[in-house]
Amino acid sequence: MFEIEAFVAECEERLRETQPALAIKELVERAVAQPAEIDAALGTERHGGLRCLHRSPAMTVLQFVWPPGVKLFPHDHRMWAANGIYGGDEDNTFYRRTDQGLQAVGGKQLSAGDVALLGADVIHAVANPHGAYTAALHVYGGDYFATPRSQWDPTTLCEQPFDVEAVRQVLDEADRQARRTRS
Ligand SMILES: [Fe+2]
């Protein structure tokens, strides 16, 4: 059975290990292998959004629900991230900084059951390529909301301070679009 309090407690224990990111990735893998259990604990989400399940200076646990067709701008985290998918697919595009600005250097599609462990310097953009919602469980090795970091304008690729409200706006807009398409 998946319980958020128990999951957070286990993650906090593993934060004390020598390789906390790897140790916590294993926990996320175990969790996303049982999607029905997560749905039972968190409810089956039918709306896009991000929901904070735990937040401390050392760790943040988020549930992300990516609406159909959503495209989130490039951003970094400046902390490790274990991003697990438990429903649908998530397309990741990876970038690096160059003298000419941000440059795409590759991509990876994650499907239900996959967990991507991202290093603190990773820059990525995320998209949901399908017409169904994608559900994800993310654990970050720090305070996701309070750590200063960057996002990049999706058109100009200009670097800007990260703003979680901008993430919510992208999710909300894609959610509205999905509803309009459905109705
Ligand atoms: Fe991210």
Side-chain angles (χ1 to χ4, degrees), residues 7 11 15 20-22 24-25 27-29 31-32 38 42 45 47-97 101-130 133-175:
F7 178 75
C11 286
L15 272 180
L22 276 175
I24 287 173
K25 178 182 183 241
L27 287 181
V28 179
E29 280 169 345
V32 298
I38 305 181
L42 303 181
E45 289 289 338
H47 304 290
L50 76 95
R51 180 170 160 200
C52 183
L53 303 172
H54 173 79
R55 178 184 176 188
S56 74
M59 186 179 75
T60 306
V61 182
L62 302 179
Q63 179 205 38
F64 265 92
V65 180
W66 301 112
V70 70
K71 288 190 172 116
L72 182 63
F73 44 73
H75 60 277
D76 63 12
H77 307 118
R78 305 197 194 173
M79 63 190 81
W80 59 258
N83 292 358
I85 309 297
Y86 65 94
D89 294 309
E90 182 191 289
D91 278 351
N92 279 258
T93 304
F94 296 104
Y95 297 84
R96 70 168 177 209
R97 293 169 187 271
L102 208 60
Q103 188 179 70
V105 288
K108 188 174 172 60
Q109 184 171 79
L110 301 176
S111 301
D114 290 339
V115 181
L117 185 57
L118 308 180
D121 57 352
V122 163
I123 301 169
H124 74 155
V126 178
N128 177 357
H130 298 309
Y133 284 84
T134 289
L137 183 68
H138 291 187
V139 182
Y140 298 86
D143 187 335
Y144 178 90
F145 297 94
T147 302
R149 51 205 171 92
S150 292
Q151 64 188 46
W152 284 261
D153 182 280
T155 308
T156 64
L157 294 182
C158 276
E159 187 169 359
Q160 305 156 341
F162 180 80
D163 175 9
V164 74
E165 285 314 311
V167 176
R168 292 190 201 277
Q169 278 171 21
V170 169
L171 290 167
D172 286 350
E173 179 50 38
D175 211 31

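One-based numbering, in listed order, for ligands and for the atoms of each.
- Aromatic ring orientation, Phe73 versus Phe162: perpendicular (interplanar angle above 60°, classes split at 30° and 60°).
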*Could you go through the side-chain hydrogen bond (donor to acceptor under 3.5 Å, both in side chains) check for Tyr133 and Asp175 one step at a time?*
CA-CA 9 Å; Tyr133 284 84; Asp175 211 31; 2.6 Å; yes
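- No side-chain donor from either of Glu90 and Thr134 sits under 3.5 Å from a side-chain acceptor of the other.
- Legend: residues meeting salt bridge (charged side-chain N to carboxylate O under 4.0 Å, His left out) with Asp121, ordered by chain and number and at least two apart, are absent.
- Ordered by chain and number, His75 NE2, His77 NE2, His124 NE2 make up the set of protein N, O or S atoms under 2.8 Å of the Fe ion (ligand 1).
- Under the 6.0 Å cut-off for aromatic ring centres, Tyr140 and His77 qualify, their centroids lying closer than that.
- Cation-pi check for Arg149 over Tyr144 is met; the charged atom lies under 6.0 angstrom from the ring centroid and within 45 degrees of its normal.
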